[in-house]
Amino acid sequence: MMPPAVAPAVALANVCKRYAHAAAPALDHLSLEAREGEFLFLLGPSGSGKTTALRLIGGYEHPNSGEVRLGGALVNAVPAHKRNVGMVFQHYALFPHLSVGQNVAFGLRMRGAARREQQAAVEWALDLVRLPGLAGRTPCELSGGQQQRVALARALAFRPRLLLLDEPLANLDRHLRDEMRLELKALQRRLGVTTIFVTHDQEEALALADRVAVLDGGRLEEAGTPAQLYNHPRSAFVARFMGEATLLPAHLGALLPDGTRLAAVAGAPLAVRPPDGATQGDTVTVCLRAERFILTNPDEAPTTPTTPTTPATGVGWPGTVQLVTYLGARALVLVSLDAGPTLRVLKPCTGTAVPWEAGDRVAVRWGAAPPHCLRGTV
Ligand code: ADP
Ligand code: MG
């Protein structure tokens, strides 16, 4: 194999990590790369190994086996303070007895930078996170959001080659979090620093990432752009984790002129996008995104055109609304189909009232491009 022209900023190869006395490994043969300048997200449920992976990259933990490389160089034995990596920890650990300025200067002081250089870097970094002039305060005089900005300034002040962020916005209220997300994204673009951001929040990953690596049980489930993972997941875990979806088994039928195939999905014909290389008779799992259904009264005529891509027209899938969860702008409607399965359907709430309630008879149609399929059944 030809070596790549430019080594990735970060490369984990077959990394295993088992903590003492732990029943299961925290990381199980994890291989992962971040390209130079990339904004990479590690996404996964609690306990999936995200923090462990980040701490291994930062040098705060060491693998039992496998390789950690930064810019192509093996760093397994290099201590954290020699890796030139900035890290914001999950529970922001500002030094409470140091001023904001001293906190931000910490990395530079450890590296023996001259006083003037430290001062200039503190000013630069506090400007960057929009906290100019606060160097003299102590952390307890700052709000949670401001403390998190100081933690970020501290991680950036020594101009690291890599920035590691462990759920940096998890403790902020919703409004502040949304604001900080946009700021972080702009900052990352402006500085061009390779950044790995850990979160369990799929919305956060979809909104900010260049690429997302989804972890489960210490293993890499799948990596890709937000759009790839959302629209073309390869695993059921990713399909379910990235938003609301219903996964239903189906047998592939005849090929249609546009390259899709007919399939019987919950008793109704539907054109689906088959997995690469799949042929007639194969069993697949159809991934039906909740926001792409059309819900109507059973006696209402379908307003969507009848084409092979929306064959569940006519009466659609008949069913009964089982549960409606009001989510503000949208409602999650669970519809149990007469054919058996329950569909998860997201509907916008335009007025103040939720348009459906439990017990309503409905017809469900597929109102979008042919759905994506996963191989096999789940
Ligand atoms: P995440 O950040 O995705 O929530 P972690 O990397 O913190 O996951 O944890 C992965 C697994 O390793 C979990 O099962 C967790 O309980 C375990 N673990 C994490 N840190 C330690 C530790 N210091 N000692 C023992 N087990 C740990
Ligand atoms: Mg964690």
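Remember, it's a predicted structure, so these values are computed and weren't measured experimentally. Residues take their numbers from the sequence shown, with the count starting at 1. Both ligands and their constituent atoms are indexed starting at 1 by order of listing. Both backbone and side-chain heavy atoms feed into the values below; hydrogens, waters and symmetry mates do not.
Side-chain N/O atoms of T260 and R273 include no donor and acceptor closer than 3.5 Å. Judged purely by distance below 3.5 Å, without hydrogens or angles, the side chains of R154 and N103 pair a donor atom with an acceptor atom. Looking at S235 and E221, their side chains do bring a donor and an acceptor atom within 3.5 Å of each other.
Taking backbone and side-chain atoms together, T52 has no N/O/S atom less than 2.8 Å away from the Mg ion (ligand 2).
The environment of E67 atom CD is dense: over 12 non-hydrogen atoms of other residues, nucleotides or ligands sit within 6.0 angstrom.
Aromatic ring centres of F106 and F158: separated by at least 6.0 Å.
The main-chain N or O of T138 is found under 3.5 Å from a side-chain atom of E141 such that the two form a donor-acceptor pair.
Remark: ligand 1 atoms within the under-4.0 Å shell around heavy atoms of T52 are 5 (P), 6 (O), 9 (O). Those atoms of ligand 1 with a heavy atom of S46 less than 4.0 angstrom away are 4 (O). Listed by number with element, the atoms of ligand 1 under 4.0 angstrom from any heavy atom of P45 are 3 (O). Set against the non-hydrogen atoms of A26, the atoms of ligand 1 under 4.0 Å away are 10 (C), 11 (C), 12 (O).
Of the candidates L152, V85, I196, L163 forms a side chain to side chain contact (heavy atoms under 4.5 Å, CB included) with just one, namely L152.
Counting heavy atoms under 4.0 Å from ligand 1, residue S48 touches it through both backbone and side chain.
Here the heavy atom of the protein found nearest to atom 4 (O) of ligand 1 is G47 N, 2.7 Å. Among protein heavy atoms, the minimum distance from atom 8 (O) of ligand 1 is reached at G49 N, 3.2 Å. With hydrogens left out, the protein atom closest to atom 25 (C) of ligand 1 is Y19 CB, 3.2 Å, a heavy atom. Closest to atom 7 (O) of ligand 1 among all protein heavy atoms lies T51 CB, 3.7 Å.
Within a 4.0 Å radius of atom 2 (O) of ligand 1, the protein contributes at least one heavy atom. Atom 15 (C) of ligand 1 lies below 4.0 Å from none of the non-hydrogen atoms of the protein.
Checked for salt-bridge contact, D216 and K50 miss the test: no charged N lies under 4.0 Å from a carboxylate O.
Checked against a 3.5 angstrom limit, the closest N/O atoms of A20 and ligand 1 fall outside it.
Between F237 and F241, the ring-plane angle classifies as parallel under the 30° and 60° cut-offs.
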